[in-house]
Visitor: 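One structure, pasted below without further comment.
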Amino acid sequence: MKPPPEPAAGLDLIKPAVREQPPYSLKAYSAARKLNQNESPYDLPAALKREIADRLTAVPWNRYPEFTPGPLLDLLAARYDWPSDGILVGNGSNELIQASLAVTLEGGDRVVAPSPTFSLYRLLTNVFGGRYVPVALGPDFRYQIDSLIEVAARERARVVVLNSPNNPTGSALPPDAVERVLAATDALVVCDEAYQEFGGPSAVGLLGASPRVVVLRTLSKAFGLAGLRLGFALAHPAVAREIAKAKLPYNVNALSLTAATTLLAHPETAAHVAEIVATRDRGFARLRGIPALNVYPSAANFILVRCLTLPAREVFRRLLHDHGILVRDVSAAPELAECLRISVGTPEDMDAVVDALGEILGRA
């Protein structure tokens, strides 16, 4: 194979802010217990999968999917009591984060967000030529809304992103936080609620009060559909029409649309949420019994811990290689030094990770 040419001429055309930005990536590992991506530990019931498969066989694969997926939008409209023309579906909610920033940011526009939070916000802000302004969370990674509002107002933020419950900390917004941000700024307030089903208030009720609210949701977490990548945004219909301009045509494939429409038509969807929350709370209590860990309160389907006596990287390695447990090492971020994020799995998964951490770090 002929080697490619030197890249300099091509790279010179890439925006410096993009070249300086680390990519969003995840190294692949194999483990018996996979607790690193905040997925539901419960697959869809076999009967529901068969129903989806049967419906998919009736879909003409030689045709594009629906340009506007009316049946799915109608189900979401009924579920969230919001007009269907104010709902967008995407290839995961990440695509809708991207679209929301794409249609708002011009050179140097400020995006204000908590820190630490989901790294994609910073990456996309830099890609679109904006300026990312992080605002530190407080003790135990709790939201400091006064500080966030002060920074957003001073910076004349174009967009404020509020991730609640926040990834990777698990902290939820205070109930009146979004209203206060709206009152104090002129920003578009993007509320990323990928984990909201597991705890914390929602901004859905504010959609009718302000056209500057965009709420992002996903079927990947509570609904157990991560493998099919489907998210959605709720916004004022006029704003939704503008955000839609940044989505690619036919962005969601027929399999995902068929699965989501079938799933949401069943009243038992997200049936495992209460079980996951109970497992999280029990796991949290047990983890707090390990003196060599700081364990942070979580309203999501994961728990953040800080290792006090061994480097997080070493604890990650021993969990993986000695116990077959894969968690997320987030310790590269300065605010998260020596931290690991543990997705909530089955009760057996959580018992296994607590027991393994107790063995690695020692108990009282």
Side-chain angles (χ1 to χ4, degrees), residues 11 13-25 64-69 72-73 76 82 84-115 117-135 152 155-164 167 178 181-182 185-194 203 207 210-220 229-253 256-257:
L11 287 175
L13 300 173
I14 306 299
K15 290 184 285 189
V18 175
R19 293 176 61 182
E20 294 166 5
Q21 174 67 47
Y24 183 88
S25 62
Y64 286 109
E66 299 167 281
F67 191 84
T68 301
L72 176 57
L73 295 179
L76 291 169
W82 190 245
S84 60
D85 59 350
I87 304 174
L88 303 172
V89 296
N91 187 19
S93 57
N94 291 350
E95 182 186 22
L96 301 171
I97 296 169
Q98 182 182 48
S100 299
L101 295 179
V103 301
T104 51
L105 297 184
E106 297 181 304
D109 282 341
R110 272 55 166 178
V111 174
V112 171
S115 181
T117 194
F118 188 28
S119 62
L120 198 63
Y121 308 145
R122 181 192 293 271
L123 187 156
L124 292 173
T125 297
N126 290 340
V127 165
F128 293 127
R131 180 181 166 191
Y132 190 78
V133 184
V135 180
E155 297 287 340
R156 297 183 179 179
R158 183 82 167 192
V159 180
V160 174
V161 181
L162 301 173
N163 185 204
S164 178
N167 177 22
V178 179
V181 174
L182 286 167
T185 74
D186 296 320
L188 185 75
V189 182
V190 178
C191 302
D192 187 348
E193 298 186 354
L207 288 165
S210 174
R212 290 190 288 118
V213 178
V214 177
V215 178
L216 303 176
R217 291 289 187 97
T218 183
L219 300 186
S220 295
R229 306 291 297 130
L230 197 141
F232 56 98
L234 304 144
H236 188 285
V239 175
R241 282 193 293 272
E242 300 306 314
I243 295 173
K245 295 175 182 178
K247 296 194 302 105
L248 294 177
Y250 308 106
N251 58 320
V252 179
N253 66 69
S256 295
L257 291 176

Visitor: How long is the span from the CG atom in Leu76 to the CG atom in Leu234, to the nearest 0.5 Å?
Guide: 7.5 Å
Visitor: Quick one: sort the Tyr250 and Phe67 rings into parallel, tilted or perpendicular, breaks at 30° and 60°.
Guide: perpendicular
Visitor: Identify the heavy atoms of Trp82 and Ala235 that sit nearest to each other, and give their distance.
Guide: NE1-O, 2.8 Å
Visitor: Holding to side chain to side chain contact (heavy atoms under 4.5 Å, CB included), I want the full list of residues that pass it with Ala157, two or more places apart in sequence or in another chain.
Guide: Val112, Ala152, Val160, Ala187
Visitor: If you round to the nearest 0.5 Å, how far is NE2 of His236 from CG of Leu207?
Guide: 10.0 Å
Visitor: CD of Glu95 to CG of Asn251: how many Å apart, nearest 0.5 Å?
Guide: 4.5 Å
Visitor: Are Phe232 and Leu219 packed together at the side-chain level, in the sense that at least one heavy-atom pair is separated by less than 4.5 angstrom?
Guide: yes
Visitor: Would you check if the side chain of Arg158 reaches a backbone N or O of Thr104 as a donor-acceptor pair within less than 3.5 Å?
Guide: yes
Visitor: Can you tell me if Asn163 uses its side chain to pair, donor with acceptor, with the backbone of Asp192 under 3.5 Å?
Guide: yes
Visitor: So which heavy atom on Thr185 is nearest to which on Val181, and how close?
Guide: OG1-O, 2.9 Å
Visitor: Side-chain contact, heavy-atom cut-off 4.5 Å: Val111 with Tyr121?
Guide: no
Visitor: When rounded to the nearest 0.5 angstrom, what is the spacing between CG in Leu162 and CG in Leu216?
Guide: 11.0 Å
Visitor: Side chains of Arg122 and Thr117: closer than 4.5 Å at any heavy-atom pair?
Guide: no
Visitor: Between CD of Gln21 and CG of Leu123, what distance do you get to the nearest 0.5 Å?
Guide: 4.5 Å
Visitor: Rounded to the nearest 0.5 Å, what separates atom CG in Asn91 from atom CG in Leu248?
Guide: 9.5 Å
Visitor: If you compare all heavy atoms of Val18 against all heavy atoms of Asn126, which two are closest, and at what distance to 0.1 Å?
Guide: CG2-O, 4.2 Å
Visitor: Which heavy atom of Pro114 sits nearest to which heavy atom of Tyr132, and what is that distance?
Guide: O-OH, 4.0 Å
Visitor: Side chains of Ser100 and Val159: does their closest heavy-atom pair fall under 4.5 Å?
Guide: no
Visitor: With heavy-atom distances below 4.5 Å as the criterion, would you say the side chains of Pro69 and Val252 are in contact?
Guide: no
Visitor: May I have the step-by-step check of side-chain contact (heavy atoms from CB on, under 4.5 Å) for Phe118 and Asn94, ending in yes or no?
Guide: CA-CA 10 Å; Phe118 188 28; Asn94 291 350; 3.5 Å; yes
Visitor: Write down the atom of Ala246, the atom of Val103, and the distance for their closest heavy-atom approach.
Guide: CB-CG1, 3.6 Å
Visitor: List the steps and the verdict of side-chain contact (heavy atoms from CB on, under 4.5 Å) for Asn253 and Arg229.
Guide: CA-CA 10 Å; Asn253 66 69; Arg229 306 291 297 130; over 6 Å; no
Visitor: Are Leu11 and Arg19 side-chain neighbours, meaning at least one heavy-atom pair lies under 4.5 Å?
Guide: yes
Visitor: If you look at every heavy atom in Leu257 and Pro65, which pair is closest and at what distance?
Guide: CD1-CB, 3.9 Å
Visitor: Between Glu193 (side chain only) and Ala203 (backbone N and O only), is there a donor and an acceptor less than 3.5 Å apart?
Guide: yes
